[in-house]
Amino acid sequence: MQAAPAVFEPINFEMMLGGALLGLALWVYIDGYSMAPVTKDIHSYNYLLFFFMAVGAVMFVMGFLGCCGACQESQCMLATFFALVFVVFVGQIIAGVWLVTHEERFKEAFEDSLTLSIQKDYSRLELKTNAFDVIQTRLKCCGSSGPQDWADSYFNGHNLGVVPLSGSTIEYLVPASCCSEEPCTESLKLKSRKSFPDGIHKKGCAKQMVHWIQEYNIVVLIVVIAILLIEVLAMIFSMVLCCTVRRIDNVKA
């Protein structure tokens with residue numbers, strides 16, 4: 001039958017896209033040398049990764065079912081493929097709306113959790129220490145909301161039986177990755193939580209990371225639209241093929 005090859009392209013792409021999405025989400029979750037280790041205690045971040053893993057796995061299975069259904073000319077497999085694609089399509093629309101409507105809430109949770117990670121884990125966990133040094137250097141930032149986040153941190157002995165730093169006049173240190181120029185040894189020791197010397201970055205990393213992500217909004221939007229279009233084409237082709245198979249079966253009968 002000639003209808004089957006027409007459905008292969010969107011279905012094959014669906015399967016490849018699902019495998020790629022699943023692999024990428026797993027890599028981001030497992031890989032320790034990215035920005036992920038700094039944010040692994042954020043529930044929303046993990047939920048987002050798990051969502052992409054689930055979507056990738058479902059898309060891969062859907063593509064497999066669609067290919068088998070097209071090859072075998074099976075109405076049952078094609079109908080199942082259509083139903084699964086439709087469910088994922090609706091789920092992606094709902095997830096997109098949720099992310100847009102909860103953007104500010106996600107940003108606040110992200111900043112709070114990043115601050116907690118800085119204060120508890122920097123200089124204690126090598127993985128997160130290295131990751132945050134990379135972030136501060138590349139994004140030209142310091143702390144989560146600013147250099148003052150380092151005052152009450154493990155890095156300054158906060159959780160080592162030392163009296164917590166408080167007030168705006170007590171000295172505290174910031175990591176060398178906060179430097180905006182070399183050398184900046186004098187700038188590493190701060191005396192205020194409100195005013196900072198010129199030798200260090202003053203912007204918080206939470207906002208810088210959000211801005212970095214937002215720079216690629218257009219690219220992400222194009223990719224999302226392309227995925228949704230492919231899913232629509234896959235549903236159309238699968239239904240056309242399913243109807244064609246039914247008509248042929250009726251003629252043979």
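Quick note: residue numbers are just sequence positions, from 1.
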Shortest non-hydrogen contact between [X] and [Y], atoms and distance:
{"X": "C179", "Y": "L188", "result": "SG-CD2, 3.8 Å"}
{"X": "P147", "Y": "L190", "result": "CB-CD1, 4.0 Å"}
{"X": "F155", "Y": "P175", "result": "CE2-N, 3.8 Å"}
{"X": "T137", "Y": "S177", "result": "OG1-CB, 3.7 Å"}
{"X": "F196", "Y": "I200", "result": "CB-CD1, 4.0 Å"}

How far does [atom1] of [X] sit from [atom2] of [Y], to the nearest 0.5 angstrom?
{"X": "L116", "Y": "D121", "atom1": "CG", "atom2": "CG", "answer": "7.5 Å"}
{"X": "I118", "Y": "T129", "atom1": "CD1", "atom2": "OG1", "answer": "11.0 Å"}
{"X": "M209", "Y": "L139", "atom1": "CE", "atom2": "CG", "answer": "7.0 Å"}

- Message: Please check this pair: side chain of Q208 against backbone of C141, looking for a donor-acceptor N/O pair closer than 3.5 Å.
- Response: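 Looks like no, no N/O pair under 3.5 Å.
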In this structure, would [X] and [Y] fall into the same cluster of hydrophobic residues linked by side-chain contacts under 4.5 Å?
{"X": "I230", "Y": "I222", "value": "no"}
{"X": "V97", "Y": "I225", "value": "no"}
{"X": "F89", "Y": "L221", "value": "no"}
{"X": "V85", "Y": "M239", "value": "yes"}
{"X": "V224", "Y": "I94", "value": "yes"}

- In sequence, state the C-alpha distance, the side-chain angles, and the governing distance for Q148 and Y172, and then conclude on side chain to side chain contact (heavy atoms under 4.5 Å, CB included). CA-CA 9 Å; Q148 69 277 5; Y172 60 96; 4.2 Å; yes
- Task: Check the side chains of D133 and Y122 for a donor-acceptor pair under 3.5 angstrom, ignoring hydrogens and angles.
- Result: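 Indeed, the side chains of Y122 and D133 share at least one donor-acceptor pair under 3.5 Å.
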- Query: Is a side-chain donor-acceptor pair under 3.5 Å present for S145 with D149?
  - Reply: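 Yes, a side-chain donor-acceptor pair sits under 3.5 Å.
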Between [X] and [Y], is any pair of side-chain heavy atoms under 4.5 Å apart?
{"X": "V174", "Y": "H201", "value": "no"}
{"X": "L114", "Y": "F132", "value": "yes"}
{"X": "K120", "Y": "Y154", "value": "no"}
{"X": "I236", "Y": "V232", "value": "yes"}
{"X": "C205", "Y": "Q136", "value": "yes"}
{"X": "L173", "Y": "W150", "value": "no"}

- Message: For K202, I'd like to know if atom NZ has over 12 heavy atoms of other residues, nucleotides or ligands within 6.0 Å.
- Response: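 For K202, atom NZ is crowded (more than 12 foreign heavy atoms under 6.0 Å).
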- Item | Under-2.5 Å SG separation for cysteines C142, C178 |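 C142 pairs with C178 as a disulfide (SG atoms under 2.5 Å apart), so yes.
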- Query: Which is it for L84 and V88 under the side chain to side chain contact (heavy atoms under 4.5 Å, CB included) test, yes or no, and what are the steps along the way?
  - Reply: CA-CA 6 Å; L84 288 175; V88 171; 5.6 Å; no
